[in-house]
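Counting starts at 1 for both ligands and their atoms, following the listed order. Below, all heavy atoms of this structure are taken into account, side chains as well, without hydrogens, waters or symmetry copies.
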Amino acid sequence: MTQSPGQGNALDNLLTESRTFPPSDEFAAQANAQPALYEEAKADREAFWAKQAERLHWETKWDQVLDWSDAPFAKWFVGGKLNVAYNCVDRHVESGHGEQVAIHWEGEPGDSRAITYAELQREVSKAANALTSLGIGAEDRVAIYMPMIPEAIFSMLACARVGALHNVVFGGFSAEALRTRIQDSEARVVITTDGQYRRGNPAPLKPAVDEAVAGAPSVEKVIVVKRTDTEVAWTDKDVWWHELVDSQSDQHTPEAFDSEHPLFILYTSGTTGKPKGILHTSGGYLTQASYTHFNVFDLKPDTDVYWCTADIGWVTGHSYIVYGPLSNRVTQVVYEGTPNTPNEGRHWDIVQKYGVSIYYTAPTLIRTFMKWGADIPAKYDLSTLRVLGSVGEPINPEAWIWYRENIGGGKAPIVDTWWQTETGAIMISPLPGVVSTKPGSAQRPLPGIGAKVVNDEGVEVPHGGGGYLVLDEPWPSMLRGIWGDEERYRDTYWSRFGEQGFYFAGDGAKYDNDGDIWLLGRVDDVMNVSGHRISTTEVESALVSHPTVAEAAVVGASDETTGQGIVAFVILRGGAGADAGGADAIKALRDHVAKEIGPIAKPRQIMVVPELPKTRSGKIMRRLLRDVAENRTVGDVTTLADSSVMDLISAGLQSGKSED
Ligand code: WT7
């Protein structure tokens with residue numbers, strides 16, 4: 001299976017996967033997306049997107065679908081006017097669905113709240129009136145730093161309603177991270193809470209805001225929602241939500257804004273560098289968020305109960321909790337807390353309680369569920385689930401199979417969705433009623449999207465070849481720049497393949513023999529072993545395909561003979577047995593990788609660890625593992641979700657038993 005010499009390939013193709021799962025006839029027949037969608041988009045891309053934009057209510061229709069004359073700055077639905085919040089809330093009330101539940105909110109301590117579209121309209125209107133009373137209007141920036149409570153969603157929609165840009169900052173970020181994001185966007189208002197529930201206990205949140213605001217002179221007011229009843233210090237900028245918002249009128253007339261009116265800024269830090277303020281606008285963004293949510297998740301507004309487990313601090317929460325789902329008149333679950341509070345069955349308890357039918361989560365969580373063991377979901381009735389989604393990282397084939405068997409009852413299609421903060425909405429994913437799914441592959445660009453895998457010269461690689469994933473056509477929900485930094489926007493995304501005009505944002509990928517796309521991780525992480533360019537993802541997937549392994553991270557560490565040697569860090573599955581970390585077991589694991597993808601990929605060293613270093617959004621930070629593998633002092637750990645993890649890993653290494 002090993003390919004002959006890797007030289008010349010941008011990335012070698014090592015792992016093969018032959019399992020495929022066609023949709024059932026029953027699913028295919030009822031699916032929102034039918035095969036003709038691909039044909040339609042191919043026949044006339046702009047006409048296709050114009051048709052998708054008709055999903056929305058436009059106050060004024062556009063006169064041009066796409067203006068790409070100022071590339072790489074796109075304008076979509078030029079001349080059109082709409083109000084994004086009206087599209088997500090009011091029009092559903094007007095069409096007679098005011099009594100439909102929009103949000104089944106589940107608090108971490110077990111409190112809950114069902115919010116209908118009529119109620120959502122009143123809450124968003126009050127919040128919009130409150131913002132107006134503070135002088136907030138079109139193009140002002142509002143920072144939102146909150147846990148997953150309904151007021152966070154009301155706040156985002158209220159901003160959209162008055163034309164202000166929200167800048168949501170994940171509630172797990174530090175005061176300093178908040179301050180830099182407030183300052184860079186020059187936010188005039190911050191919306192926050194007194195505290196938030198974290199693993200069963202209230203933790204203060206407002207002190208971080210106080211600290212951040214002290215160093216951010218643009219802030220005039222801080223609106224504070226009472227969530228935990230934690231005592232808080234008070235400044236003259238502070239105002240309680242229940243005093244300011246609850247006294248407002250629940251009537252508000254939305255104003256229509258230009259299709260290219262800015263909607264939000266969202267900072268993405270990645271694993272290195274100063275955070276970038278990714279800018280999204282209105283008409284194109286909402287069109288693609290709505291279209292993808294409807295077709296990729298096969299949403300049926302009258303019968304489905306949808307649940308996306310992301311936090312609104314990430315783009316997934318923006319596009320697949322707020323804008324896509326609400327524009328489609330979803331009924332959805334929003335959960336405030338962690339998946340193991342009060343126990344490791346919490347998600348399945350919620351699925352059972354609300355009859356969730358569509359569930360969208362991240363591979364890091366799926367692998368955590370694997371580590372906790374299949375007996376936990378087995379205790380719950382998950383039979384309502386009919387579509388499962390994955391996003392954020394490559395999903396290893398074995399984790400995919402585990403998800404299908406243990407959560408999806410062996411029948412629910414899994415959509416592996418590739419996209420980025422920058423792309424705004426899903427770009428590559430199977431359509432669940434059309435495409436036979438393949439464990440581990442995001443497969444093909446959605447109808448209307450252009451993506452391909454190219455070599456160093458920008459030439460498309462043949463089937464079976466690996467290289468760089470590029471986007472070769474502008475798309476409606478694409479970023480419109482980096483806030484305040486045009487140069488960085490051009491450099492970061494448009495310079496690598498500037499000649500060809502391709503967008504490139506750092507992911508390696510390959511085509512399999514059927515032409516399906518596999519994401520192979522960040523190109524910065526690619527390992528070079530004796531001239532073979534090996535992706536971290538493929539070796540990790542080979543490790544996870546062993547029955548004892550729940551999660552794996554591999555890095556290339558410098559090696560005198562081979563250039564780089566592969567060093568693997570693995571977490572064992574629940575019930576893997578006491579011997580699973582012993583010398584014989586480690587040897588068996590190395591042999592397993594050699595057998596799965598070839599001797600060239602056999603790890604030089606495997607270490608069993610209790611945890612892996614991850615960013616707050618769940619991505620593995622291989623840079624830190626490289627430091628460990630090369631015996632260096634571990635670098636900057638400030639972007640880690642839990643900085644004590646590196647101590648745990650180093651302590652494990654000193655025990656000496658984990659090395660082969
Ligand atoms: C990066 C973007 C998109 C919402 C969450 C992350 C990786 C994302 C997949 C997938 C393989 C994936 C890529 C991408 N990624 N989805 N299905 N398969 N890799 O947003 O934080 O902007 O990260 O996440 O590396 O570039 P983000």
Student: Checking N406 now: which residues fulfil side-chain hydrogen bond (donor to acceptor under 3.5 Å, both in side chains) with it, not counting sequence neighbours?
Tutor: none

Student: Does the separation of the ring centres of W307 and Y360 fall below 6.0 angstrom?
Tutor: no

Student: Taking a 3.5 Å cut-off between nitrogen or oxygen atoms, can you list every pair linking ligand 1 to the protein, with distances?
Tutor:
unit_1   : atom_1 : unit_2 : atom_2 : d
ligand 1 : 15 (N) : G392   : O      : 3.3
ligand 1 : 16 (N) : G392   : N      : 3.1
ligand 1 : 17 (N) : D416   : OD1    : 2.7
ligand 1 : 17 (N) : T417   : O      : 2.8
ligand 1 : 18 (N) : E393   : O      : 3.3
ligand 1 : 19 (N) : P394   : N      : 3.4
ligand 1 : 22 (O) : T421   : N      : 2.8
ligand 1 : 22 (O) : T421   : OG1    : 2.6
ligand 1 : 23 (O) : K619   : NZ     : 3.2
ligand 1 : 24 (O) : G392   : O      : 3.2
ligand 1 : 24 (O) : K619   : NZ     : 3.0
ligand 1 : 25 (O) : D507   : OD1    : 2.7
ligand 1 : 25 (O) : D507   : OD2    : 3.2
ligand 1 : 26 (O) : Q420   : NE2    : 2.8
ligand 1 : 26 (O) : D507   : OD1    : 3.4
ligand 1 : 26 (O) : D507   : OD2    : 2.7
ligand 1 : 26 (O) : R522   : NH1    : 3.1

Student: Can you tell me how the ring of F264 sits relative to the ring of H280, calling it parallel under 30°, perpendicular over 60° and tilted otherwise?
Tutor: tilted

Student: Answer yes or no for R55 and Y291: cation-pi contact, defined as NZ/CZ to six-membered ring centre under 6.0 Å and angle to ring axis within 45°.
Tutor: no

Student: Less than 4.0 angstrom from a charged side-chain N to a carboxylate O is my criterion; do E538 and K510 meet it?
Tutor: yes

Student: Do we get R480 above F73's six-membered ring, with its NZ or CZ under 6.0 Å from the centre and within 45° of the axis?
Tutor: no

